[in-house]
Student: 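I am attaching a structure below and will ask some questions about it afterwards.
Numbers restart at 1 for each chain; the letters A, B, ... are given by sequence-line order, proteins then strands.
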2 protein chains.
Amino acid sequence: MVTIYDIAKKANVSAMTVSRVINKSGKISDETKKKVEAVIKELNYIPNNSARNLITNKTKILSLMVTDITNPFFTNVARGAEDKAMQMGYQLLLCNSDENVEKEAKYMEMLISTRTDGVLIAPANDSSKRNIRNLSKHGIPFVLIDRNIQDLECDQVLSDNETTTRKLMEHLISQGHKNIAIINGPLEVSTARERYQAYIDTLKIHGIPLNRNLVMESEFRDSDVSSAIHHLLELPESERPTAIFATNNFIGMSTMKTLKKLKIKVPEGIAIVSYDGIPNYTESESILTVAEQPAYNFGYLGIQLLIERIEGTAPEKARKIVLPADIHIRASSIHKIE
Amino acid sequence: MVTIYDIAKKANVSAMTVSRVINKSGKISDETKKKVEAVIKELNYIPNNSARNLITNKTKILSLMVTDITNPFFTNVARGAEDKAMQMGYQLLLCNSDENVEKEAKYMEMLISTRTDGVLIAPANDSSKRNIRNLSKHGIPFVLIDRNIQDLECDQVLSDNETTTRKLMEHLISQGHKNIAIINGPLEVSTARERYQAYIDTLKIHGIPLNRNLVMESEFRDSDVSSAIHHLLELPESERPTAIFATNNFIGMSTMKTLKKLKIKVPEGIAIVSYDGIPNYTESESILTVAEQPAYNFGYLGIQLLIERIEGTAPEKARKIVLPADIHIRASSIHKIE
DNA sequence: CTGTTAGCGCATTCAA
DNA sequence: TTGAATGCGCTAACAG
C-alpha cells in the first residue's frame, strides 16, 4: 500500500508536507506542491480514510435508515439523500429496518462502530426511541424523516398529514361518500396516528359520525388487507363502506388487488384514495387517486439538515420542515353517489 | 469516547484481554470473560472500526455501484445486495453513477479511500474498465452484475440476453409481425449489444430481413424516445413497424407514453414488448408485455460471489452466473396481424 | 513555508 | 490464560 511516507520520500519532503498538500491546509510553496502532486499521481496514491478517521473523528460517511428501499417512497428518499450527500462530499450507507426495531438496533450498533458522521432515519415506530438514544449517547447526530417520535426534540422533515388527509377525505365526501373506511398502519407509527386523527377530524367537521367498524389496522409493509376488506364487506348494508382511505402505498395497492380479486368495481363498487404515489411509469396505467409526497426532497433536505448539524452550521434549536403532498385525483375515486 | 483501555482499567485486566473477548480470539477464562463483558455493557462500549481497519485492512463495508437506484431493476438489486451483505455481517454503501463514467470514477476514488472490502458494479459502459482497473490496482475485489465488459476476466452475474430476447421476438413474430423496430440503449453497454445481436439473429432465423431503418438508439436512463418514434412513423407504409422491442424498462415506459400521446392504440396500432419489469403494483394496471429479470438475485448472488472472493473461499477461476428472465405476455402485444 | 514528535484505538507478535 | 510492546497511516500541535 502506498502511504504518505512513500510520497514524501520520493518527493524529498516530509510526510507532513504531503499531508498538507492533500488537505490543502497550511501554506505550501507552489513548487513543492506541484512536486508532491506529481508524485501522488505517479504512484496512484489515495489516502487511507481509516487512518484519517482515527485522528479527525470524521468518516465522511452518512447513513440512511429506511424501512424498505423497495417501497417507491423510500427509493426516492434514498436518491435525494444520495445526491445531496455526494454533492457535499459524503458517502451513504443504506439500511433497511423492515419496520423491525430489533433489526434497526443491530444496524445502529454497526453504524456506531463504523463511526458514521450522522444518520437520516425513518424510524420503525415509537420504540425506535431507544435506538436513537443509543446513537446520541455516542455523539452521532441524526435527523428524522417521514415519521416523528413522541417527546423527541430533534431536526425533522415531515409530511403535512393533517392537510393532506383532509384533502383526500373531503374529495371523497364531495363525491357523496359517508361510509368511508380507513385501512391504516400500526398506531405506534406517527404517520398512522396523524392520518387517523385527521380522518376523524374531517368526518367530524362534515357532520359524519365516526363508525369504529370502518377503522381497520394493517401493516405498512407486507400489507395483506384481504381480511380487513372481508370484514368491511360483511357489514350490514347501511354501514358498508362506499369508499376506502388507504394510508400508504402498499396498503393502497393491496386494496386494489383484493377488490379486483373479489370482482368489486373501482370506483363504482368501492372508491379508493391512497397515500403515497406509486410511480406512474406509463401514464396510461394509473387509475389510483393518491396523495404523492415529495419523497426526493425528504431525502435531499434531510441530508442537508444533517450535514448542517454535523458541521456545526445549524442553529441550536431543532428545526422542523413540513412538506405538502400533491393530490392526484384519478379514476379510482371519481364517481358521484347519492 | 470509551476505549478498550477504559474497559480494561475498570475490569482490572489488560487491554489485550478486552480485545480478545470482543473478537472471541484466543483462550479466555470464563470468569474474566464475564467480567469484561459486564463492563462493556455497563459503559456501553462499541469498538471503533477505524482503528480496527487500520490494522486488519478490513472495513466490513461493501459497495454497490448502480446507474440509478430509482430504476426499479436496480432498486431490487440493492435490496438483494443489502440482505445478503447484512446476513454476512457487512454494511452496504450506495452509489449512483447515472450512466456517467466520470461520476463513476469519482465514486471509485471515494470507495478506495474508504477501503471498501469489495464492490458490486453495474458498470456505466465499456469505458468503465479504467475505473475498475483502478479498483484492482488498489487490491479491491469486485463483481460485475447485469453488464459485462469486453476482455475483463472476472466474476459476473448476468442475464441470458440471447434467450430472453429471442423469446420476446418470437412472440411478436408468432403474432404475425414482420416489421419489428428495436429501440435500444447505447451500444457501448454490453446488454444493449447482446440484445441487438439477438434481435438480428432471431430475425434471420425466421427469414425476416433486417431493416436498418427500424433500428433506433436511445438512452437507458432519461430516455426520450419521441424522436425515435416520430422517425419510425414517417417510414413508408411498407416499412412502418407494427411492433416495437424496447430494450429496457425506461425505454419501454417512454415508448408507451409517447404512443399514448400520439393516440396510437397499443397493441392494435403498434404492439410493444419490453425488457425488465416495471413493478406490477396493483395487478389491474399492467398491460405491458415484459421480460422480467430476477433483479433481487442479481444483488443477492453478486454479493455472495463478492464475499467469497474477499474471504478467499472462491475458486481462483472467474465465475459467471447467467440468470433467465420471466416472460410476462400482456395486452400490449396480444393482437394477431396478417 | 516546512519538519519533528506524538498519539488516535486497536490487534499482532512475542513473552510470561 | 494473560500482558507488554509495537505499529497500522495519518494529522494536530508545536518548533524552526
Student: OP1 or OP2 of dC10(D) versus the side-chain N and O atoms of S50(A): is any pair under 4.0 Å?
Tutor: no

Student: Checking all strands, does I55(A) fall into the base, sugar-phosphate, or nothing category for heavy-atom contacts under 4.0 angstrom?
Tutor: base

Student: Closer than 4.0 Å, any side-chain N/O of S19(A) to the OP1 or OP2 of dT11(D)?
Tutor: yes

Student: State the SG-CG distance between C154(B) and L305(B), to the nearest 0.5 angstrom.
Tutor: 10.5 Å

Student: Just by modelled atom types, is the P123(B) backbone N or O under 3.5 Å from a matching donor or acceptor in the R147(B) side chain?
Tutor: yes

Student: Provide, to the nearest angstrom, the distance between the CG atom belonging to N49(B) and the P atom belonging to dC8(C).
Tutor: 18 Å

Student: For N57(B) and for S14(B), locate the closest nucleotide of DNA chain D by heavy-atom distance; then report the residue assigned to the nucleotide nearer the 5' terminus.
Tutor: S14(B)

Student: Does S25(B) put a side-chain nitrogen or oxygen below 4.0 Å from OP1 or OP2 of dA11(C)?
Tutor: no

Student: Which part of the nucleic acid does I28(A) contact within heavy-atom distance under 4.0 Å: base, sugar-phosphate only, or nothing?
Tutor: sugar-phosphate

Student: Pick one: which of T116(B), N49(B), D117(B), T114(B) meets side chain to side chain donor-acceptor pair (under 3.5 Å) with T59(B)?
Tutor: D117(B)

Student: Looking just at side-chain N and O atoms, do T313(A) and E308(A) make a donor-acceptor pair shorter than 3.5 Å?
Tutor: no

Student: Separation of I7(B) atom CD1 from dA11(C) atom C1', in whole Å?
Tutor: 16 Å

Student: Return the value, rounded to whole Å, for the distance between atom CE of M1(B) and atom P of dC10(C).
Tutor: 8 Å

Student: Which residue, T3(A) or R20(A), contacts DNA chain D at a nucleotide closer to its 5' end, judged by nearest heavy atom?
Tutor: T3(A)

Student: Do the two ring centres, one from F74(A) and one from F298(A), sit under 6.0 Å apart?
Tutor: no

Student: Distance check needed: dC14(C) P versus M16(B) CE, whole Å only.
Tutor: 14 Å

Student: Take atom CG of N23(B) and atom P of dT2(D), then tell me their distance rounded to the nearest Å.
Tutor: 15 Å

Student: Please state whether the phosphate of dT11(D), meaning OP1 or OP2, lies under 4.0 angstrom from any side-chain nitrogen or oxygen of R52(A).
Tutor: yes

Student: Select from T17(A) and Y45(B) the residue whose nearest nucleotide in DNA chain C is closer to the 5' end of that strand.
Tutor: T17(A)

Student: Distance check needed: dC10(C) C1' versus I40(B) CD1, whole Å only.
Tutor: 13 Å

Student: Figure out the CG/P separation between L54(B) and dT6(D), and round it to whole Å.
Tutor: 18 Å

Student: Could you give the CD1-to-P distance, from I112(B) to dG9(D), as a whole number of Å?
Tutor: 16 Å

Student: Across the strands shown, which category fits N53(B) at heavy-atom distances under 4.0 angstrom: base, sugar-phosphate, nothing?
Tutor: nothing

